[in-house]
There are 2 protein chains.
Amino acid sequence: MSTRRPTIRDVARRAGVSVTTVSHTFSGNGKVAAATQQRVRTAAHDLGYHPDVIAQGLRNNRLGVIALVARQLDALRPDFLYDVDYFSRFAGAAAVAALAEGLGLMLVSDPTGPRAAGAALASDGFIVTEPVVDDPLVAMLTSAGIPFVTVGEVPGRSADGPDTAPHVDIESGRLTALALDHLWDGGARRIALVTGTDRNEWNLRSVAVYERWCAHRRMTPSTVRVPEELDGGGHQAAGRLLDAGAVPDGVYALTSDHALGLVAGFAERGLRVPDDVRVVAGSDAESLRSARPTISSIDLEPEELARRAVEALAARLGGRPPPPVGRPVGHLVVRASSAPADPPGQALGPRP
Amino acid sequence: MSTRRPTIRDVARRAGVSVTTVSHTFSGNGKVAAATQQRVRTAAHDLGYHPDVIAQGLRNNRLGVIALVARQLDALRPDFLYDVDYFSRFAGAAAVAALAEGLGLMLVSDPTGPRAAGAALASDGFIVTEPVVDDPLVAMLTSAGIPFVTVGEVPGRSADGPDTAPHVDIESGRLTALALDHLWDGGARRIALVTGTDRNEWNLRSVAVYERWCAHRRMTPSTVRVPEELDGGGHQAAGRLLDAGAVPDGVYALTSDHALGLVAGFAERGLRVPDDVRVVAGSDAESLRSARPTISSIDLEPEELARRAVEALAARLGGRPPPPVGRPVGHLVVRASSAPADPPGQALGPRP
DNA sequence: CTGAAAGCGCTAACAA
DNA sequence: TTGTTAGCGCTTTCAG
């Protein structure tokens with residue numbers, strides 16, 4: 001039954017012209033008489049012809065698709081996305097931005113990973129969020145000459161020389177300071193840090209800035225490392241912090257899930273938030289808004305990051321110069337967990 | 001600088017074999033001596049060769065990509081996704097499910113629309129959420145012979161005959177009854193319906209079931225129609241309901257955004273929720289959990305719907321029989337807006 | 001077990 | 001303005 005879909009030749013034959021003419025009328029490349037164009041279009045319409053995008057892609061070396069590598073999809077439990085809020089806000093905005101550039105957005109797992117969908121490599125370019133030290137994906141893309149943009153720097157690369165991969169700045173340094181200063185201003189004097197274990201810029205730089213910040217204030221740093229994808233990691237962190245002896249009066253937890261668990265863990269142990277200990281999360285999520293108490297956080301503005309990443313990548317693909325760097329992105333959202341009173345969430349720092 | 005990426009011929013030359021042999025060692029199709037395979041692989045590795053997925057796609061007529069048509073991306077305000085929660089939960093789960101099938105998931109806008117990314121058509125199949133009456137996309141896919149699966153039936157099609165497009169059942173009928181019965185059980189006797197204007201199964205069937213349900217109970221139906229993408233549509237609906245004279249004591253609002261606005265609108269007019277009027281939303285969202293009061297809703301379980309859609313489509317693409325229909329999906333989540341007391345959200349109906 | 005060669009549908013020189 | 005033709009990189013008969 002399945003009668004082969006019509007090709008450019010079928011259209012050409014039906015319109016009584018050559019394939020070139022058909023190709024040209026659709027691409028608008030050559031010059032084709034209006035009358036001829038009309039005939040071609042009618043023929044195409046009659047046949048229900050649609051150009052084969054894959055063939056075009058092969059020819060032009062350009063499919064019109066960019067890939068978003070969702071690191072979270074590669075976790076041990078593929079059905080468990082950590083930092084869902086960040087991811088879905090990012091992906092949604094990226095899709096919209098891509099459409100605006102006439103591009104499709106493909107969600108893929110790390111193509112260097114085991115469960116890679118081969119199709120991933122069909123894309124014209126990649127957006128890699130949160131690259132890690134010696135990221136195999138970055139290495140692969142670089143060596144294969146595939147254009148890509150990272151969100152967050154590739155850690156340990158800037159030191160090596162000028163071969164910094166193009167990236168969208170997540171401002172981890174500024175935001176860490178913002179969170180720590182906020183805790184300090186609220187009166188906290190023993191501030192701990194709960195970080196994930198992925199060796200990406202967000203974790204590494206936050207720790208570095210935290211340690212510098214502590215040294216500056218003659219505070220003993222207290223860092224707890226918990227894997228991002230560990231369910232209940234926040235609880236565990238709470239336990240470790242309390243058992244360590246020096247109970248903190250302020251904690252900056254880099255992921256929203258861990259912040260949630262942390263607050264719950266503190267509550268179980270009889271610590272009141274924010275009265276005994278103030279908490280700020282390093283990534284925003286709806287769940288932080290519905291938590292009791294509501295939890296302060298850094299809103300990374302994933303939508304804005306996504307837009308910038310797509311624009312930068314599209315520019316690269318189109319041979320255009322990279323877009324200018326915009327305003328600083330990311331801001332602090334103060335909620336109950338870090339404020340004495342309980343005002344509705346209000347924003348500090350630059351906003352859109 | 002940009003030295004052309006190696007092709008299968010380069011590998012063949014370097015390994016001292018023919019292209020066929022290379023092709024075979026990678027596809028595992030023909031029989032190739034182990035020693036030869038080794039040579040080929042080494043050569044490929046040295047060259048940094050990766051098969052060109054697009055060329056394979058052209059040859060095999062199969063790219064390994066499925067497209068998710070996000071209707072919300074086609075709204076008038078492309079930066080404003082309505083029903084974000086539903087969409088992002090669906091898209092995330094679909095991506096994961098697709099990966100599990102070895103497929104990439106592409107987020108695209110309606111290819112028949114004006115802002116279509118041409119790349120959309122490169123996909124092997126489509127998932128169309130919420131098709132509408134006389135859906136042009138469905139028509140196009142059908143006539144082009146492109147495999148697709150809809151989420152929710154194509155309205156008005158089942159009547160025409162047996163040409164029902166394969167779809168994942170969203171159970172709009174059962175869920176509408178679930179919501180209405182719940183309002184009724186809580187004591188509501190003048191129940192209104194707030195529906196969107198898209199002519200999709202969800203809206204159409206909900207209205208139909210609502211009217212039948214009312215007739216059954218000798219209740220005068222009161223339906224307010226507000227466009228899905230209208231910001232502040234809920235407020236407007238509240239106004240219209242109150243001005244209409246017969247103030248309802250229960251409302252079922254089909255979208256989460258409108259339910260939110262509705263509750264806010266009632267509050268402004270001095271109506272207390274749930275004491276004066278109970279409200280249930282037809283789609284769940286985090287924002288409903290953080291609203292004051294928290295708002296009851298139908299959780300459509302987008303993750304499950306997405307998994308089913310991907311599996312059904314993958315089966316079709318692979319020529320496998322469609323997966324068996326599973327348990328009924330979607331359940332009621334009771335929150336403060338429809339209950340006298342304020343228990344934490346608890347689920348009725350089947351759960352995973 | 002390996003190789004030569006014919007395309008998949010389309011684009012872009014180059015000719016006419 | 002239109003047509004002829006040679007590939008894009010790969011798979012796959014069909015012969016060796």
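First the proteins, then the strands, lettered A, B, ... as listed; each starts at 1. For the numbers below, each heavy atom of this structure counts, side chains included, while hydrogens, waters and symmetry mates do not.
Taking only side-chain atoms of Ala33(A), from C-beta outward, the nucleotide of dT2(D), dC10(C), dC10(D) with the closest atom is dT2(D). Closest approach to the His24(B) side chain among dT13(D), dC10(C), dT11(D) is made by dT13(D) (side chain taken as heavy atoms from C-beta onward). Closest to the Lys31(B) side chain, of the nucleotides dC1(C), dG9(D), dT2(D), is dC1(C).
In this structure the side chain of Pro131(B) never reaches within 4.5 angstrom of the side chain of Leu137(B), judged on heavy atoms. Side-chain contact between Leu105(A) and Ile66(A) is present, with heavy atoms from C-beta onward closer than 4.5 Å.
Rounded to whole angstrom, the span from the CG atom of Leu63(B) across to the P atom of dC8(C) amounts to 18 Å. Phe26(A) has its CZ atom 16 Å from the P atom of dG9(C), to the nearest Å. As rounded to whole Å, 10 Å separates atom C1' of dC10(C) from atom CZ of Arg9(A). The CZ atom of Arg5(A) sits 9 Å away from the P atom of dG9(C) (whole-angstrom rounding). For Leu58(B) and dT11(D), the CG to P distance is 11 Å, given to the nearest whole Å. Atom CG of Asn60(A) is separated from atom C1' of dG7(D) by 13 Å (rounded to the nearest Å). Between Gln56(B) atom CD and dG9(C) atom P there is a gap of 17 Å when expressed in whole angstrom units. Atom P of nucleotide dC10(C) and atom CG of Asn61(B) are separated by 11 Å, given to the nearest angstrom.
Applying the side chain to side chain contact (heavy atoms under 4.5 Å, CB included) test to Val325(A) and every residue at least two apart in sequence or in another chain returns nothing.
Within 4.0 Å of Ser27(B), counting heavy atoms only, lies no atom of the nucleic acid at all.
Taking only distance into account, the side chain of Arg59(A) never meets the base of dG9(C) through a donor-acceptor pair shorter than 3.5 Å.
The two residues Phe26(B) and Ala44(B) have their closest heavy-atom pair at CZ-CB, 3.7 Å. Here the closest heavy-atom approach between residue Leu305(B) and residue Tyr86(B) is recorded as CD1-OH, 3.7 Å.
Salt-bridge annotation for Arg308(A) and Glu304(A): present, with a side-chain N of the basic residue lying under 4.0 Å from a carboxylate O of the acidic one.
Non-hydrogen atoms lying under 4.0 Å from DNA chain C are contributed by Thr20(A), Ser23(A), all within residues 13-23 of chain A.
Evaluation of the salt bridge (charged side-chain N to carboxylate O under 4.0 Å, His left out) test over residues 41-51 of chain B, restricted to residues two or more places apart or in two chains, returns Arg14(B)-Asp46(B).
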